[in-house]
Amino acid sequence: MAPQKIIIDTDPGQDDAIAILLALASPEELEVLAITTVAGNVPLDKTSRNARVICELAGKTDIPVHEGCDRPMQRTLVTAEYVHGKTGLDGADLPEPKMPVASLSAVEAIIHHIRREPPGSVTLCPLGPLTNIATAFSQAPDIVERLAGIVLMGGAYFEVGNTTPAAEFNIYVDPEAAEIVIKSGIDITILSLDVTHKALITQPWLDRIVALDTPVTRVATGWLNFYERYDVEKYGGAGGPLHDPCVIAYLLRPDLFSGRRINVEIETQSDLTRGMTVADWWGVTDRPPNALFIGDVDSDGFFDLLAERLARL
């Protein structure tokens with residue numbers, strides 16, 4: 001069976017980096033057409049730099065990295081250096097990337113690949129704010145019906161918010177973009193905080209990654225040790241949640257995850273609840289389902305998959 005064609009839209013971020021490594025380590029199942037970067041966890045110049053650093057670390061310099069939107073569609077950019085550090089990839093010292101940014105912008109690349117590939121063959125995998133995706137849909141509405149679907153990390157229901165009491169970071173940064181995407185009519189799968197907060201980086205799993213002792217896993221261990229300190233202090237749990245790799249793991253092993261098809265709307269007007277994903281989990285409205293909202297994961301299976309794939313690089 002031919003690998004699934006994907007475009008990873010990302011704002012790396014240590015957890016984005018692990019997600020990208022997971023995809024690049026799985027060429028039998030996933031063909032990464034491009035990596036597109038967006039401002040989010042850190043400003044655009046750093047997310048573009050970080051995406052190329054990750055590709056070079058994995059030895060996959062043939063994957064084009066396209067630079068995207070440097071700010072939300074209507075708002076001032078909010079970033080998360082308090083989680084990811086000043087570079088966005090604090091925790092490991094790596095050289096500046098040698099591979100260049102691709103000539104097409106991220107938005108142009110998304111449109112190009114979706115138009116070039118057969119209808120229904122490309123899945124978008126957003127790991128950050130949805131600015132690039134919404135901008136591409138606005139500029140080229142014809143690409144919407146050509147997509148196989150979108151599998152994204154964002155939002156929450158039971159966990160509510162990690163950036164405000166009501167909102168998860170990716171949706172909060174650009175709620176207008178999220179609203180465009182959620183109302184596009186595309187088949188959307190949402191990996192929410194409700195599932196990612198069950199994918200905790202435990203010490204036994206980290207010890208397993210340390211024991212692999214490869215150039216990639218040594219860097220990954222440094223990233224994860226830095227990254228999880230914030231959430232461990234914030235939530236007081238056994239480890240930090242590994243958000244973005246859940247998107248790639250879902251593509252590889254959907255049997256590890258469970259959720260419901262429900263209606264999801266994005267709050268854009270209220271200052272109090274800006275960026276909230278209003279998820280009708282209990283079916284109390286008559287709004288039709290528009291997303292598969294993932295709420296649970298077999299965490300042992302998830303981390304077994306991650307360890308097995310990271311060992312390949």
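Here, residue 1 is the first one in the sequence, and each next residue gets the next number.
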Which heavy-atom pair separates [X] from [Y] by the least distance, and what is that distance?
| X | Y | result |
| --- | --- | --- |
| Ile6 | Ala23 | CD1-CB, 4.4 Å |
| Ser26 | Leu252 | OG-CD1, 3.6 Å |
| Ala249 | Leu22 | N-CD2, 3.8 Å |
| Pro72 | Asp174 | CA-OD2, 3.2 Å |
| Phe257 | Val297 | CE2-CG2, 3.4 Å |
| Met276 | Ala167 | N-CB, 4.0 Å |

### Message
Donor-acceptor pair, distance only, cut-off 3.5 Å: does the side chain of Ser48 make one with the backbone of Asp45?
### Response
no

### Message
For Ile18, run the side-chain contact (heavy atoms from CB on, under 4.5 Å) check against Ile248, Ile209, Asp244, Leu224 and tell me which one passes.
### Response
Leu224

### Task
Please determine which of Asn50, Thr47, Asp9 meets the side-chain contact (heavy atoms from CB on, under 4.5 Å) test together with Thr37.
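It is Thr47, the one option of Asn50, Thr47, Asp9 that forms the side-chain contact (heavy atoms from CB on, under 4.5 Å) with Thr37.
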
Should [X] and [Y] be regarded as members of a common hydrophobic cluster, given that ILVMFWY residues are connected when their side-chain heavy atoms come within less than 4.5 Å of each other, either directly or indirectly?
| X | Y | answer |
| --- | --- | --- |
| Leu272 | Ile266 | no |
| Trp223 | Leu206 | yes |
| Ile35 | Ile110 | no |
| Ile294 | Leu251 | yes |
| Ile190 | Tyr250 | no |

Looking at [X] and [Y], does any basic side-chain N land under 4.0 Å from a carboxylate oxygen?
| X | Y | result |
| --- | --- | --- |
| Arg75 | Glu176 | yes |
| Glu28 | Arg312 | yes |
| Arg287 | Asp280 | no |
| Arg49 | Glu96 | yes |
| Arg52 | Glu67 | no |
| Lys5 | Glu117 | yes |

Tell me which donor-acceptor pairs under 3.5 Å the side chains of residues 148-162 have, and how far apart each pair is, sequence neighbours excluded?
residue : atom : partner : partner atom : Å
Tyr157  : OH   : Trp282  : NE1          : 3.2
Glu159  : OE1  : His197  : ND1          : 3.0
Asn162  : OD1  : Phe169  : N            : 3.0

### Task
Not counting sequence neighbours, which residues clear ring pair (Phe, Tyr, Trp, His ring centres under 6.0 Å) with Tyr172? List them please.
none

#### Entry: All ring pair (Phe, Tyr, Trp, His ring centres under 6.0 Å) counterparts of Phe303, not counting sequence neighbours
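Phe303 satisfies ring pair (Phe, Tyr, Trp, His ring centres under 6.0 Å) with Trp205 once adjacent residues are dropped.
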
### Query
How are the rings of Tyr227 and His84 set relative to one another: parallel (under 30°), tilted (30 to 60°) or perpendicular (over 60°)?
parallel

### Query
For Gln203, does the CD atom sit with more than 12 other heavy atoms under 6.0 Å from it, leaving out its own atoms?
yes

### Query
In terms of heavy-atom contacts, does CG of Asp142 have more than 12 from other residues, nucleotides or ligands at under 6.0 Å?
yes

### Query
Does Pro241 reach the side chain of Leu193, with side-chain heavy atoms less than 4.5 Å apart?
no

### Query
So do Ile20 and Pro12 actually touch side chain to side chain, heavy atoms under 4.5 Å?
yes

How many angstroms lie between [atom1] in [X] and [atom2] in [Y], if you round to the nearest 0.5 Å?
| X | Y | atom1 | atom2 | result |
| --- | --- | --- | --- | --- |
| Met73 | Thr268 | CE | OG1 | 12.0 Å |
| Leu147 | Ile186 | CG | CD1 | 4.5 Å |
| Asn290 | Ser184 | CG | OG | 9.0 Å |

### Message
Run Arg253 and Asp298 through salt bridge (Lys or Arg N to Asp or Glu O under 4.0 Å) and show every step you take.
### Response
CA-CA 10 Å; Arg253 289 284 308 278; Asp298 172 354; over 6 Å; no

### Query
What do the steps show when you test Arg208 against Asp304 for salt bridge (Lys or Arg N to Asp or Glu O under 4.0 Å), and what is the final call?
CA-CA 10 Å; Arg208 185 175 168 188; Asp304 285 345; 2.7 Å; yes

### Task
Please determine, by modelled atom types, if Asn263 and Glu265 share a side-chain donor-acceptor pair under 3.5 angstrom.
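Yes, Glu265 and Asn263 have a side-chain donor paired with an acceptor closer than 3.5 Å.
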
